[in-house]
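This report refers to the structure that appears directly beneath it.
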Amino acid sequence: MSQYGCTITKKGRELLAKILAARMPLTITRVIMGSGLCPEEVYPGDLEDLVEPVAAGTTTEPVYDGDTVHMTVEYRSDLNGGLGHGFWIREFGVF
């Protein structure tokens with residue numbers, strides 16, 4: 001069954017709370033695209049990485065707007081020497 005939407009992991013929520021409490025800047029360390037599907041018996045919020053990471057992605061600098069952060073996350077096939085094969089983007093992570 002296909003699932004659409006976004007899940008912030010438990011560790012991600014903890015980090016966001018820490019950033020907000022300390023008024024720290026949001027620092028993105030990596031963006032990754034994957035083709036995995038979360039097993040039905042696993043809550044996506046418990047994951048600490050992608051199910052099946054495939055390729056690095058990029059993001060624009062986060063822009064803050066009240067209680068929202070806007071940024072564009074993208075995968076470009078010309079990054080890191082390209083890919084040896086195509087894949088369906090079924091998941092992505094912003095770390």
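In what follows, residues are counted from 1 in the order of the sequence shown.
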Partners passing side-chain contact (heavy atoms from CB on, under 4.5 Å) against Ile32 (at least two apart in sequence or in another chain): Arg30, Leu50, Pro53, Phe95
Partner residues of Ile28 under the side-chain contact (heavy atoms from CB on, under 4.5 Å) criterion, sequence neighbours left out: Val31, Thr59, Pro62, Met71, Val94
Listed partners of Glu52 passing side-chain contact (heavy atoms from CB on, under 4.5 Å), at least two apart: Ser35, Glu91
All side chain to side chain donor-acceptor pair (under 3.5 Å) counterparts of Lys11, not counting sequence neighbours: none
Enclosure of Leu26 CG (heavy-atom neighbours >12, cutoff 6.0 Å): yes
Gap separating the CD1 atom of Ile8 from the CG atom of Leu16, nearest 0.5 angstrom: 5.5 Å
Ring pair (Phe, Tyr, Trp, His ring centres under 6.0 Å) partners of Tyr75, counting only residues at least two apart: Phe87
Side-chain touch Thr58/Glu74, heavy atoms, less than 4.5 angstrom: yes
Full working for side chain to side chain contact (heavy atoms under 4.5 Å, CB included) between Leu47 and Val42: CA-CA 8 Å; Leu47 295 174; Val42 175; 3.9 Å; yes
Selection residues 17-29 - residue pairs positive for salt bridge (Lys or Arg N to Asp or Glu O under 4.0 Å), sequence neighbours left out: none
Intermediate values then yes/no, side chain to side chain contact (heavy atoms under 4.5 Å, CB included), Val51 and Leu37: CA-CA 6 Å; Val51 174; Leu37 296 171; 6.0 Å; no
Whether Thr60 side chain and Thr72 backbone form a donor-acceptor pair below 3.5 Å: yes
Interatomic spacing from CD in Glu61 to NE2 in His70 - rounded to 0.5 Å: 14.5 Å
